[in-house]
Amino acid sequence: MYLLEILAGVVIALGCVASLCAPNYVGSILFAIGLLMVKRFGLRLLTGKAGFMIEENVKVPKAAIKLGKIFAFNIVGTFIAALMVLLMWQTDSPEIALAVERAQVGSLLSMFVRSIFCGVLVYAGVKAETALETIIYVFAFLVARFTHSIAYSFYFWICVLTAQATTQMLFALLIAAVGNVLGCFLIPAAIRGVKLLSSFRSC
């Protein structure tokens, strides 16, 4: 039970690992393997499922519980991946240093806005019909430095396991998750609103 959620966290972490090992733009492209694997194997990712809650007309309390469970098990997956990475890399390696750098938080408000924009692009990437289209959406949010909460959780766990985490990072993770969900909601909610308005006017 919840294995698909845990595996989704693991494959997003694999995308993080690939991006840490490669030069900037190459790493941004390789990061997309996480979302591509989520789509290919039908894994359950927070940012992959949130927008569909609107499409499926799931009531708010039920949707919140479902998304909370998905998020919890996604970050279990990134924790497992972080543990395995520390068996592969030394704690003073450049890759670990870069992961810690990516976990640093400036303004929490900025993090929230960035996570909303990320949610919009990830929703589009999940709906994309081709792998190339998905890669472009992922590349766009990485280049723009938008925040993907599950990817951020991998960097957060690296900081925890190397004793470099802060309370602010934990708040940032939770804020990013909320922002991602809101971003994923925007397009399907707008489309649904337009349809409802159109049907009301036609009456």
Side-chain angles (χ1 to χ4, degrees), residues 5 8-16 19-20 24 27-28 31-36 38-39 43-55 60 63-79 81-82 98-128 134-160 165-190:
E5 288 85 349
V10 171
V11 299
I12 291 298
L14 288 178
C16 294
S19 72
L20 290 169
N24 289 337
S28 296
F31 178 82
I33 65 172
L35 188 56
L36 290 172
V38 166
K39 293 177 65 175
L43 306 181
R44 294 175 61 83
L45 180 68
L46 176 70
T47 48
K49 291 296 181 183
F52 292 101
M53 296 292 180
I54 296 288
E55 294 180 4
V60 172
I65 292 171
K66 282 187 174 183
L67 292 174
K69 288 180 179 178
I70 292 172
F71 174 68
F73 285 98
N74 283 169
I75 65 174
V76 168
T78 57
F79 176 71
L98 181 55
V100 172
E101 180 182 327
R102 290 182 180 181
Q104 299 307 308
V105 181
S107 163
L108 291 177
L109 179 58
S110 174
M111 171 76 82
F112 182 60
V113 174
R114 289 173 186 273
S115 64
I116 292 174
F117 287 149
C118 178
V120 173
L121 289 173
V122 173
Y123 173 76
V126 170
K127 296 286 286 185
T134 297
I135 291 170
I136 290 172
Y137 286 125
V138 172
F139 183 77
F141 85 67
L142 286 175
V143 170
R145 299 184 183 277
F146 297 155
T147 306
H148 188 280
S149 58
I150 307 306
Y152 183 82
S153 74
F154 171 74
Y155 304 129
F156 170 76
W157 289 128
I158 291 292
C159 291
V160 170
T166 66
T167 304
Q168 190 181 34
M169 289 178 186
L170 177 59
F171 286 138
L173 173 58
L174 299 176
I175 287 170
V178 173
N180 282 169
V181 170
L182 291 176
C184 289
F185 282 173
L186 281 178
I187 292 176

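- Residues forming a side-chain contact (heavy atoms from CB on, under 4.5 Å) with Leu170 (at least two apart in sequence, or on another chain): Phe156.
- Evaluation of the side-chain contact (heavy atoms from CB on, under 4.5 Å) rule for Phe112 yields Ser115, Ile116, Ile175, Val178, Leu182 as partners, not counting sequence neighbours.
- Residues passing the side chain to side chain donor-acceptor pair (under 3.5 Å) test with Asn74: none are found, sequence neighbours excluded.
- Screening residues 112-127 for salt bridge (Lys or Arg N to Asp or Glu O under 4.0 Å), with sequence neighbours left out, gives Glu55-Lys127.
- Every residue meeting the side-chain contact (heavy atoms from CB on, under 4.5 Å) condition with Val105, not counting sequence neighbours, appears here in chain and number order: Leu108, Met111, Tyr152, Gln168, Met169, Ala172.
- Looking at Thr134, its side chain does come within 3.5 Å of a backbone N or O of Gly125 through a donor-acceptor pair.
- In terms of the salt bridge (Lys or Arg N to Asp or Glu O under 4.0 Å) criterion, Arg102 has no residue partners (sequence neighbours excluded).
- For Cys118, the side-chain contact (heavy atoms from CB on, under 4.5 Å) partners two or more places apart in sequence, or in a different chain, are Val122, Phe141, Phe146, His148, Asn180.
- Applying the salt bridge (Lys or Arg N to Asp or Glu O under 4.0 Å) test to Lys39 and every residue at least two apart in sequence or in another chain returns nothing.
- By the ring-ring contact (aromatic ring centres under 6.0 Å, His included) test, Phe79 is found to be paired with Trp157, residues two or more places apart in sequence or in another chain being considered.
- Listed here is the closest heavy atom pair of Ile12 and Phe31: O-CE1, 4.1 Å.
- Counting non-hydrogen atoms of neighbouring residues, nucleotides and ligands closer than 6.0 angstrom, the CZ atom of Phe117 reaches no more than 12 such neighbours.
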